[in-house]
Amino acid sequence: MKFLTEIENNRLKFSACKGIMFDTNISYSDTNESEMILGNKIAAYGDAKRYIDSFRKGDYVLFYSKERGIIAVGQIITDAPTEVADEKYHSVRMIVPENFNGDVKALPALSPNEIKTILKRNFYWASTIKTPFLTGAQAEMLIRELQKKHV
């Protein structure tokens, strides 16, 4: 599986924007999700910091909450990640939700089944970054579907 998704990821043009479903680390910290969304950033800690280097300015980040699915989407606005102590992050412009009060549990989500149905494909879910990466068009399809849940 890893080999095939690496080939698919490499086919995405490096200049083209892509979408990456990024695990929000809820298993290890119950505050990371709200801190990232309120702080307009995507962050990783410890050994997982290396995954932040997968993003380029203009890419979509789809915040993936374990056992729920995609709960938020932003777009990378920084050229390079920032590293402070055990945290590495990119700043993002939040797309969904437009307004956030800090209650992550109240956010609607696109479940893994909904994601698979919308995109007509499966993903490797057991990783910080879910592969294969998405094209910009695929990410935008998921953004539209998540926005419908916010109405």
Side-chain angles (χ1 to χ4, degrees), residues 1-2 5-6 8-9 12 17-119 121-136 138-151:
M1 179 79 163
K2 184 174 183 185
T5 58
E6 282 179 10
E8 287 181 280
N9 290 346
L12 292 176
C17 98
K18 64 184 173 297
I20 301 177
M21 287 186 279
F22 196 89
D23 198 292
T24 57
N25 201 30
I26 195 71
S27 297
Y28 300 99
S29 170
D30 60 0
T31 60
N32 283 356
E33 289 178 337
S34 60
E35 288 171 6
M36 284 190 269
I37 296 169
L38 286 170
N40 296 305
K41 65 182 179 179
I42 186 66
Y45 309 87
D47 292 341
K49 290 191 301 188
R50 68 185 186 277
Y51 295 118
I52 294 297
D53 295 326
S54 300
F55 292 100
R56 301 286 175 260
K57 186 175 184 177
D59 285 348
Y60 292 108
V61 56
L62 297 94
F63 294 75
Y64 186 91
S65 184
K66 186 176 181 179
E67 297 180 8
R68 292 188 61 210
I70 298 169
I71 59 168
V73 182
Q75 194 165 29
I76 303 294
I77 59 172
T78 47
D79 290 315
T82 300
E83 194 162 357
V84 179
D86 198 36
E87 177 187 45
K88 192 173 199 177
Y89 66 91
H90 266 292
S91 295
V92 302
R93 175 185 61 83
M94 292 306 300
I95 299 169
V96 181
E98 290 180 21
N99 300 302
F100 179 59
N101 66 7
D103 184 4
V104 176
K105 289 181 174 69
L107 289 174
L110 282 178
S111 72
N113 276 339
E114 289 173 301
I115 296 165
K116 289 188 289 188
T117 300
I118 293 164
L119 298 179
R121 68 172 314 144
N122 203 352
F123 295 87
Y124 182 68
W125 302 102
S127 176
T128 299
I129 52 175
K130 314 306 179 197
T131 57
F133 294 161
L134 306 172
T135 65
Q138 289 171 322
E140 289 164 4
M141 286 173 60
L142 295 176
I143 290 167
R144 285 191 296 275
E145 292 301 316
L146 187 57
Q147 285 171 328
K148 289 177 187 176
K149 292 182 174 233
H150 280 265
V151 176

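Residue numbers count from 1 along this sequence.
Within the 4.5 Å cutoff, no side-chain heavy atoms of F123 are placed close to those of T131. Inter-residue side-chain proximity for F100 and L107 is flagged as met; some heavy-atom pair is nearer than 4.5 Å. Side-chain contact between Q75 and D59 is absent, with no heavy atoms from C-beta onward closer than 4.5 Å. Contact annotation: the side chain of I115 approaches that of W125 to within less than 4.5 Å [non-hydrogen atoms, C-beta and beyond]. Between K130 and Y64, some side-chain heavy-atom pair lies under the 4.5 Å cut-off. The closest side-chain heavy-atom distance from R144 to E140 is below 4.5 Å. Counting only heavy atoms from C-beta outward, the side chains of V73 and V61 never approach each other to under 4.5 Å.
T135 places a side-chain N or O within donor-acceptor distance of the main-chain N or O of Q138, the cut-off being under 3.5 Å.
Note that CD of E114 is 8.5 Å distant from CD of E145, once rounded to the nearest 0.5 Å. Distance check: L119 CG to M141 CE gives 5.5 Å after rounding to the nearest 0.5 Å. We find the CG-NE2 distance between D53 and H90 to be 7.0 Å, quoted to the nearest 0.5 Å. Considering CG of L142 and CE of M21, their distance stands at 7.0 Å, rounded to 0.5 Å. Annotation: the span from I95 atom CD1 to L146 atom CG amounts to 10.5 Å, rounded to 0.5 Å. The line from NZ of K148 to CG of L110 is 10.0 Å long, rounded to the nearest 0.5 Å.
Of all heavy-atom pairs between I129 and S54, the closest is CD1-OG, 3.9 Å. Nearest heavy atoms, P97 versus A72: CD-CB, 3.8 Å. Residues P112 and G69 come closest through the heavy atom pair CD-CA, 4.2 Å. The shortest non-hydrogen separation linking A109 to K149 is O-NZ, 3.0 Å. Closest approach of F63 to G74, counting heavy atoms only: CE1-N, 4.0 Å. Contact between K18 and F133 at its shortest, heavy atoms only, is CD-CD1, 3.8 Å.
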Starting from the C-alpha separation in whole Å, work towards a yes-or-no answer on side-chain contact (heavy atoms from CB on, under 4.5 Å) for V104 and T24. CA-CA 11 Å; V104 176; T24 57; over 6 Å; no
Hey, mind stepping through S111 and R68 against side-chain contact (heavy atoms from CB on, under 4.5 Å) and telling me if it holds? CA-CA 6 Å; S111 72; R68 292 188 61 210; over 6 Å; no
Derivation of the side-chain contact (heavy atoms from CB on, under 4.5 Å) call for T82 and K88: CA-CA 6 Å; T82 300; K88 192 173 199 177; over 6 Å; no
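For D103, the CG atom counts as densely surrounded, since its 6.0 Å shell holds more than 12 non-hydrogen atoms of other residues, nucleotides or ligands.
Note on R56 versus D79: no salt bridge recorded, every NZ/NE/NH1/NH2 to OD/OE distance being 4.0 Å or above. Using a cut-off of 4.0 Å between Lys/Arg side-chain N and Asp/Glu carboxylate O, K49 and E87 are scored as not salt-bridged. No salt bridge links D23 with K66; every basic N to acidic carboxylate O contact stays at or beyond 4.0 Å.
Listed by chain and number, the residues in a side-chain contact (heavy atoms from CB on, under 4.5 Å) with S91 are I77, T78, Y89 (sequence neighbours excluded).
Using the six-membered ring where Trp is involved, F22 and F55 have ring planes that are tilted, between 30° and 60° apart.
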